[in-house]
2 protein chains.
Amino acid sequence: MSASGNDADDDTLCPIAHSTGLVGDRWSILIVRELLLGQSRFQDLQAQTGATSQMLAARLKRLEADGLVERHPYSERPPRHEYRLTPKGRHLMPVILALRTWGEQWCKPQSEQPATRMFHRACGSELELDGKCPACGGLVAWTDMRGQPSEAYAEERARRAADFTDHRRAADAQTQPDR
Amino acid sequence: MSASGNDADDDTLCPIAHSTGLVGDRWSILIVRELLLGQSRFQDLQAQTGATSQMLAARLKRLEADGLVERHPYSERPPRHEYRLTPKGRHLMPVILALRTWGEQWCKPQSEQPATRMFHRACGSELELDGKCPACGGLVAWTDMRGQPSEAYAEERARRAADFTDHRRAADAQTQPDR
DNA sequence: AAGGTGGATCTGAAATTCATAGTGCCGCTC
DNA sequence: GAGCGGCACTATGAATTTCAGATCCACCTT
């Protein structure tokens, strides 16, 4: 089921082994996170994930081969594309949400605000970390949620984008100091 | 927040980056899966995950350092222990369940039976892949579920355990052919 | 005492990942 | 029309990780 070079995960019935065969590494997960957040350009993905360009290129290639990502041209001459999630990729949302919940509950200093607040589309109330709607009193499906990054998190992301172009400019200046 | 050597994931607000810092690799996820399934001994973990012994030892050490796993002696002289999930580790269940759902829906040949069937503890009905209870008509929290491996999957696991001890015996025989 | 078991650790080869540098293409400016 | 700079990669060699396979150690069984 994996179009990439993965193996050893095709000869088992365990669906978790299959999943981790495709997205069982840090970079793939972070890339999917970014794509879900709406980023689509190489540069932005690189800035926000912190992956090296070749890691990113390699992972995107694999994600595309595995059918999670589609390359979508937004300019020919020079050939440029956006990367977008396919339905298969988009359905990783529950995995990302579960990682979010766990990270917020068990890996953060204290209960500072979640980086992204989630709301119930139907009634507008803010959801609990575990996905319960305090108004409707039940678990909400991921398709019925809407996320809103906190101000602090939005700022962090903006800074990362800025730092990235800065750093790049600096490197270029060093490479060609006086030509 | 990571007691292990991980870094680069502590200076962000993103909970997903934090999570993947601790469990963002294939082996850790498979190990957690096994522990959730009730395995606790080194050998069993090795057989079912397919990790090398040193990978397993290293990952268990890291998982322990990060507070996901507890080492629990069941024999001194020689020191032997079981590995058990802490509450922090057990709360990864939703992540594993999400990976399961995705794997069943998008990575398996067809709709063959799920490897593990899930049931609603309250009413006993079998849950949909997406976690809905057909009887109660809503999403069920992970704490209200119970899993039941299919026969085929149980057999696969038994075979893996058997193959592992066989393989080990074979290797030993080769190493010390006639002493 | 010989052999088996469970849980590791060591070693050297193979593969992956990293930092860093460069390339190709184009549009824009001057 | 030459040069500059942005974007999306690719190339390279060093550093790190992972692997297969052997070895070790302390017991236990026979």
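Note on naming: letters A, B, ... go to the chains in the order of the sequence lines (proteins, then strands), and numbering restarts at 1 for each one. Side chains included, hydrogens not; waters and symmetry mates left out as well; all remaining heavy atoms used. Not measured: the values here are computed from a predicted model.
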Legend entry - Polar contact flag, side-chain donor to acceptor under 3.5 angstrom, A:Glu156-B:Thr12: yes

Inset, instruction - Check salt bridge (Lys or Arg N to Asp or Glu O under 4.0 Å) between A:Arg159 and all other residues, then give those that pass, not counting sequence neighbours. - result: A:Glu155

Legend entry - Counterpart residues, side-chain contact (heavy atoms from CB on, under 4.5 Å), relative to B:Ala141 (two or more places apart): A:Leu139, B:Thr143, B:Asp144

N/O contacts under 3.5 Å, protein versus nucleotides 14-17 of chain C?
unit_1	atom_1	unit_2	atom_2	d
C:dT17	OP1	A:Arg59	NH2	3.4

Inset, instruction - Please name all residues satisfying side-chain contact (heavy atoms from CB on, under 4.5 Å) with A:Glu64, sequence neighbours left out, ordered by chain then number. - result: A:Arg71

Inset, instruction - Compare the minimum distances between each of C:dT9, D:dT10, C:dG7 and the side chain of B:Ser53, then state the nucleotide with the smallest one. - result: C:dT9

Inset, instruction - Find the distance B:Gln46:CD to C:dA8:P and express it as a whole number of Å. - result: 10 Å

Inset, instruction - Grab the CZ-P distance between A:Arg26 and D:dT18 for me, whole Å please. - result: 14 Å

Legend entry - Side chain of A:Gln43 (C-beta onward), nearest among C:dG7, D:dC7, C:dT9: D:dC7

Legend entry - Shortest side-chain distance from A:Arg71, nucleotide among C:dG7, D:dC9, C:dT9: D:dC9

Inset, instruction - Using whole Å, report how far CZ of B:Arg41 lies from P of C:dA8. - result: 12 Å

Inset, instruction - Whole angstrom is fine here: how far is it from CG in B:Leu45 over to P in C:dA8? - result: 10 Å

Legend entry - d(CZ, A:Phe42; C1', D:dA8) in whole Å: 6 Å

Inset, instruction - Take atom CD of B:Gln39 and atom P of C:dG6, then tell me their distance rounded to the nearest Å. - result: 13 Å

Table please: side-chain donor-acceptor pairs of residues 119-127 of chain B below 3.5 Å, with sequence neighbours left out.
unit_1	atom_1	unit_2	atom_2	d
B:Arg121	NH2	B:Met145	O	3.0
B:Glu126	OE1	B:Arg117	NH1	2.9

Legend entry - Non-neighbouring partners of B:Trp142 that pass ring pair (Phe, Tyr, Trp, His ring centres under 6.0 Å), sequence neighbours left out: B:His91

Inset, instruction - Check whether any side-chain heavy atom of A:Arg157 sits under 4.5 Å from a side-chain heavy atom of A:Gln39, and report yes or no. - result: yes

Legend entry - B:Tyr83 side-chain N/O to C:dG6 phosphate OP1/OP2 under 4.0 Å: no

Legend entry - Interatomic distance, A:Leu56 CG vs D:dC7 P [rounded to whole Å]: 14 Å

Legend entry - Rounded interatomic separation in angstrom, taking CZ from A:Phe164 and C1' from C:dT20: 13 Å

Legend entry - B:Lys61 vs C:dT9: side-chain N/O to OP1/OP2 distance below 4.0 Å: yes

